[in-house]
Amino acid sequence: MLNFQRTGSGPALVLIHGLLGSHDIFRRVVPVLAAEYDVIAIDLPGHGGSPVPPEPYTMRTAAAEVVGTLEQLGVHKPIMIGHSWGGYVLAEIIASFPDTLSAAAIIFSQPYADPPEKQAQRAAAIERFENEPWEDVVRDIFPVYVADYDPPEIFEEAVEITKQASVEGARFALTTIRDRVDRAPAIADTPQIPVLFLSGTDDGAMPPVTLRAPHVRHAEILSGHMGPMSAPDEVVAELKVWIASLAD
């Protein structure tokens, strides 16, 4: 079972963080959402307080860990929100476990597979985490995640949160990310699950999402990659608009 933080009451919202994050990346949005929802913020394997599962390390394994944790909690068909790596996990849940959620917000993320050059970068990052000081690697990799106008404390806070992860957790995450498959077709072919893609105008880590379907919505805010930390009010506002639209 994965570690989690649970706050509030009402319809269930599940929050899934990104690479080297934890439930703490959502600390600015959880109090607002918890006023209306039962908010469950999960730590993915090897991150926060969650253990790393046995190999093989696949995106389906990460998705199954989330689904299994929610089953143990008795949470049925929640709305799920995945940031960055968490968005990849969420795309896999749609593809492999579509009966376990009612709607999905994939934020500052996308559904496609890594091209070969990105796969090579993931492999190189694994090697660096295994052989170099943790903070040196993070400070080299993470600048792309913040916008030029983000306060410096956002970057420093992100660096501190990464220290909740382990080297094996980084290997788990980067392996699942490197080896994931394109889940855009699965999302397009699952019209019973409404999907929101929320992007940042200055997200240097993610390509544009070109997937279009009647059940897919797109929104954009002024933000870098770490929107839940740097633009929490805007993120919450877009999520609430989208959630309200689900009842239409």
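This structure is a prediction, so every number in the text was calculated from the model and none was measured.
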- prompt: For Leu196, which of Val216, Ile106, Leu239, Ile79 qualifies under side chain to side chain contact (heavy atoms under 4.5 Å, CB included)?
  reply: Leu239

- prompt: Would a hydrophobic clustering, with Ile, Leu, Val, Met, Phe, Trp and Tyr connected at side-chain separations under 4.5 Å, put Ile141 with Val144?
  reply: yes

- request: Check the pair Val29, Val39 against side-chain contact (heavy atoms from CB on, under 4.5 Å), reporting the backbone distance first and the verdict last.
  value: CA-CA 10 Å; Val29 303; Val39 181; over 6 Å; no

- prompt: Can you tell me how far CZ of Arg6 sits from CD1 of Ile40, rounded to the nearest 0.5 angstrom?
  reply: 4.0 Å

query: Where the side chain of Asp182 meets the backbone of Ala113, is there a donor-acceptor pair that is under 3.5 Å apart?
result: no

message: Any carboxylate oxygen within less than 4.0 angstrom of a Lys/Arg side-chain nitrogen, looking at Arg28 and Glu157?
response: yes

- prompt: Linking I/L/V/M/F/W/Y whenever their side-chain heavy atoms sit closer than 4.5 Å, directly or via other members, would Val181 and Val89 fall into one cluster?
  reply: no

- prompt: Is the closest side-chain heavy-atom distance between Val32 and Lys240 below 4.5 Å?
  reply: yes

field: Euclidean distance, Ser84 OG relative to Ile16 CD1, rounded to 0.5 Å
entry: 12.0 Å

query: Say you draw a straight line from CG of Leu198 to CD1 of Ile107; how long is it, rounded to the nearest 0.5 Å?
result: 6.0 Å

message: According to a hydrophobic-cluster definition based on side-chain heavy atoms being under 4.5 Å apart (Ile, Leu, Val, Met, Phe, Trp, Tyr only), do Met1 and Ile93 belong together?
response: yes

task: State yes or no: do Val14 and Leu246 share one hydrophobic cluster built from I, L, V, M, F, W and Y residues joined by side-chain heavy-atom distances below 4.5 Å, directly or via other members?
output: yes

message: Do Phe197 and Pro111 make a side-chain contact, defined as non-hydrogen atoms from C-beta onward lying under 4.5 Å apart?
response: yes

query: How long is the span from the CD atom in Gln72 to the CZ atom in Phe4, to the nearest 0.5 Å?
result: 9.5 Å

- prompt: Going from CZ on Arg180 to OH on Tyr112, what distance comes out if it is rounded to the nearest 0.5 angstrom?
  reply: 11.5 Å

message: For residues 66-97, which residue pairs pass the ring-ring contact (aromatic ring centres under 6.0 Å, His included) check, not counting sequence neighbours?
response: His47-Trp85, His83-Phe108, His83-His225

message: With a 3.5 Å distance limit and no angle check, can you tell me whether Asp150 reaches the backbone of Ala147 through a side-chain donor-acceptor pair?
response: yes

- request: Find the distance between CD1 (Ile126) and CD (Glu168) and round it off to the nearest 0.5 Å.
  value: 9.5 Å

- request: Could you tell me whether the side chain of Leu33 reaches within less than 4.5 Å of the side chain of Phe26, counting heavy atoms only?
  value: no

- request: Evaluate whether atom CD of Glu36 has more than 12 neighbouring non-hydrogen atoms of other residues, nucleotides or ligands under 6.0 angstrom away.
  value: yes

task: Determine, stepwise, if the pair Gln164 / Ser22 fulfils side chain to side chain donor-acceptor pair (under 3.5 Å).
output: CA-CA 7 Å; Gln164 300 176 34; Ser22 75; 2.9 Å; yes

query: For Phe172, which residues count as a ring pair (Phe, Tyr, Trp, His ring centres under 6.0 Å) partner, sequence neighbours excluded?
result: Tyr57

message: Walk me through whether Glu117 and Arg122 qualify under salt bridge (charged side-chain N to carboxylate O under 4.0 Å, His left out).
response: CA-CA 9 Å; Glu117 62 272 18; Arg122 311 293 189 192; over 6 Å; no

task: Can you see which heavy atom on Leu101 is nearest to which on Ala104, and at what distance?
output: CD1-CB, 3.9 Å

- prompt: Should the pair Arg139-Glu156 be classified as a salt bridge under the 4.0 Å nitrogen-to-oxygen rule?
  reply: yes

query: Where the side chain of Ser50 meets the backbone of Asn3, is there a donor-acceptor pair that is under 3.5 Å apart?
result: yes

- request: For the pair Glu92 (side chain) and Ala63 (backbone), establish whether a donor and an acceptor sit closer than 3.5 Å, ignoring hydrogens and angles.
  value: no

- line: What one should report as the nearest heavy-atom pair of Ser230 and Ile154 is CA-CD1, 4.1 Å

field: Asp148, CG: over 12 other non-hydrogen atoms inside 6.0 angstrom
entry: no

field: Whether Ser166 side chain and Gly169 backbone form a donor-acceptor pair below 3.5 Å
entry: yes

task: Using a 4.5 Å cut-off on heavy atoms from C-beta on, say whether the side chain of Arg128 contacts that of Asp140.
output: yes

query: Between Asp43 and Leu2, is any pair of side-chain heavy atoms under 4.5 Å apart?
result: no

- request: Decide yes or no on salt bridge (charged side-chain N to carboxylate O under 4.0 Å, His left out) for Arg60 and Glu65, but give the supporting numbers first.
  value: CA-CA 9 Å; Arg60 196 179 194 281; Glu65 289 284 327; over 6 Å; no

field: Contacts of Lys163 that satisfy salt bridge (charged side-chain N to carboxylate O under 4.0 Å, His left out) - sequence neighbours left out
entry: Glu135, Glu160

message: For a side-chain contact (heavy atoms from CB on, under 4.5 Å) check, start with the C-alpha distance between His17 and Leu44, then their side-chain angles and the critical distance, and finish with the verdict.
response: CA-CA 7 Å; His17 64 79; Leu44 288 169; 3.6 Å; yes

